[in-house]
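What you see is a predicted model, and the numbers here were worked out from it, not measured in a lab. In what follows, every heavy atom counts, from backbone to side chain, and hydrogens, waters and symmetry copies are set aside. Each chain gets a letter, A, B and so on, in the order its sequence line appears, and its residues count up from 1.
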Amino acid sequence: MPRITSRSGSFGHRVATRAGLVLTLALAAVVTGCAGQTARMDLDSEDDALLGAIGSKDFRSVCFEMAQSMVRLPQIQNAAKPPTIAFVDMVNNSDEILNADDLLYKMRTELIKNSGGKMVFLDRDIIEQIRTERRDKQRGKVTSSGGKPVYGADFFLAGRVESIRRSRGRTQTKYMRISVRLTDASSSAIVWENDYELKKMVMRGVYDR
Amino acid sequence: MRSRKRFAACLLTTALLFAGGCQPKRVRPTGWSNPLNAMEARLTQDTNDTNYVLERMEFGRRAILYGCPLRAKPRLMEAFEQLEAERDNVGAALSSERLKYYKGETYERAMLGVYLGMIEYQAGRYNEARIFLTRALDFDRGAVVKDTTPPEVGEDFGLAYYWLGKTYARLGDKGNAEVAFRKATTQTPRKEKDAAREREADCKSAAAGLKKRTEGETWAWQTFHDAAKKPDLYMEDTVNLTEPPPPLADAPAALPDAAPKSPVLRTTDKPEEFFTPAYQDDANLLLTLELGRCPFKYLAGLHGERTEFGRPSIPPHHVRVYIDGHYAGPAFQTLDLWEQAATQDRIGEKDAAQTTKGVLKEILSHVPYASMASGHWDVTGDVRHWTSLPGRVCLFAAKVTPGPHTIRLLMYDVNDRLIRRWTSTWYGVGAPESGEACVLLQPTFDRDNTLPPELVQKAVAAGATPGVSGSF
């Protein structure tokens, strides 16, 4: 009888060990491979896996550089009162699928953050809502704290994205130019323009096709 | 006791795996009547799957053919996005090439860009169309690897240039539109010897096909249209096709069932007029005709380590378009995928790697003990390709009276003989008052010769094979 107990105890121990092993393996699989992973990355890290595409680093560099250049303009620094600026359009003439206006939005954010109130941006995206609100205020439908005129633009901000892509066999080069300009709204004179150029070369793998 | 514990352990493991995201993909069994639903449900969601791009290419193409371009677009976009992603393909380098992440041949990538461009063009998003079509041309430029290859090989994707010309015209860029239309007529530079050999083979094949076809038609006429001798097999509406087919020179200006008045207001049979912004701007009906099958691939070499392209047989060489029974002009060939495949430079490094693997496998197979391992070493090439692509694409555009029309295509072989069973008809194709209708058509063998089930039974009983599309 004690022998049997001893055997059954030994078997139970073995099963428990095996079950523990299986569980550990399963947990390891879940933790390492199956569950996928999300990691926070540096905003300026290169998107190596995406060949030739404009990455967050380029995007941010363009906007920082443009904003820095623009904020130093004498027309803005020496203005008696902060000039008003409206967006026109960022034309995408490149062969890259991108929302070019996003570059202007990022630039605006940087300028508002860093210009110390030396320029005023006009929100023309919601001009219809502004007009409706003004009408409602004039008609007394909603409360009003005194009327202000809708600002006109002193300057227009616009830009272009252009690219040249060339392929030969496994090699591909891509040149991209992003230019932004500030135009005087009354004289149509371009008072400032800056551009950002980048060129990338990609060598595809032997088994790419 | 033992089995119960094991069962519990297995259950727990499975539960943990499920919790970790390893459960099988849930497929909702709804809407199976639409074949696209079934196809879409089977698409892999893993972007690292080596067939991820190919599956989406096939799905997108099917969706376009079913008339659902908006359903094709997101999947084709997913495939397009992966073309830029870097893949190491270590497995393919060490073993079979089939293990590589398939991104398509240069012409397949170009076709992906063209389809996306066409979808965007038809949706009125011309700048997006421009981007995709430009990228299509760039993919085609990847076909040039060697310094000795003429640069025209990378500038001959006529279909992309044609749509790019139309897109530039819509964007108001006339200069670029003219350049693109001019380039749409670029002929793929072939070696004189290769082109002559293929033409000779086509001529022989067409003549043999005509002979075989005439024998078949004679048999069919005698079998199914002899009420006196074979009353059981008699088919009332059998058409007599035993006479030699008429040559292209005798092509009619109007078909017997033509409408009293021609609806064609402006047409041309000159490519130099067809490929101009002015003509294209005037046209309100654009037909894209996709003919035959794309080039296929097969394995060659001692151990199947090399991949070669096969030339598909596509009998029609000239297409005449009739609208409401009146001749409206020829369809201009703008793309031949075989020529794209045949002129695409091979990647020397890949061929060398594959050959080395083949030679190494052969050597190992003669070495004692190592031969056992070499038997399991797969060094075969990759024969995957975008199977649903057409072989040739022809274009027709004209200005016609607004309203529904009957489109009939008459096809002629390389010897300028009518291939009667390739005649294809579409009814109720609408032309708008303003703007243009862009219609994608796929003429096929025996398209107009559909038999009802009872006649199919009769034909099979007599030894015929209805529904089997012949290459002649």
>> Using a strict threshold of under 4.0 Å (side-chain N to carboxylate O), is an ion pair present between B:Lys73 and B:Glu78?
In response: no
Only pairs under 3.5 Å count here: list side-chain donor-acceptor contacts from residues 139-150 of chain B, not counting sequence neighbours, and write none if there are none.
residue	atom	partner	partner atom	Å
B:Arg141	NE	B:Glu155	OE2	2.9
B:Thr149	OG1	B:Asp345	OD1	3.1
B:Thr149	OG1	B:Asp345	OD2	2.6

> In terms of heavy-atom pairs under 4.5 Å with chain A, which of B:Leu137, B:Asp138, B:Ile347 leads?
Replying inline: B:Asp138
> Given the options B:Glu105, B:Glu128, B:Arg109, which has more heavy-atom pairs under 4.5 Å with chain A than any of the others?
Replying inline: B:Arg109
> Who wins among B:Gln354, B:Lys100, B:Arg130 for the most heavy-atom pairs under 4.5 Å with chain A?
Replying inline: B:Arg130
> Is it true that B:Arg98 and B:Asp378 make a salt bridge, defined as a side-chain N closer than 4.0 Å to a carboxylate O?
Replying inline: yes
> Given that the side chain runs from C-beta out, which part of A:Ser94 has a heavy atom under 4.5 Å from chain B: side chain, backbone, both or neither?
Replying inline: backbone
>> Going by ring-ring contact (aromatic ring centres under 6.0 Å, His included), name the residues that satisfy it together with B:Tyr168, two or more places apart in sequence or in a different chain.
In response: none
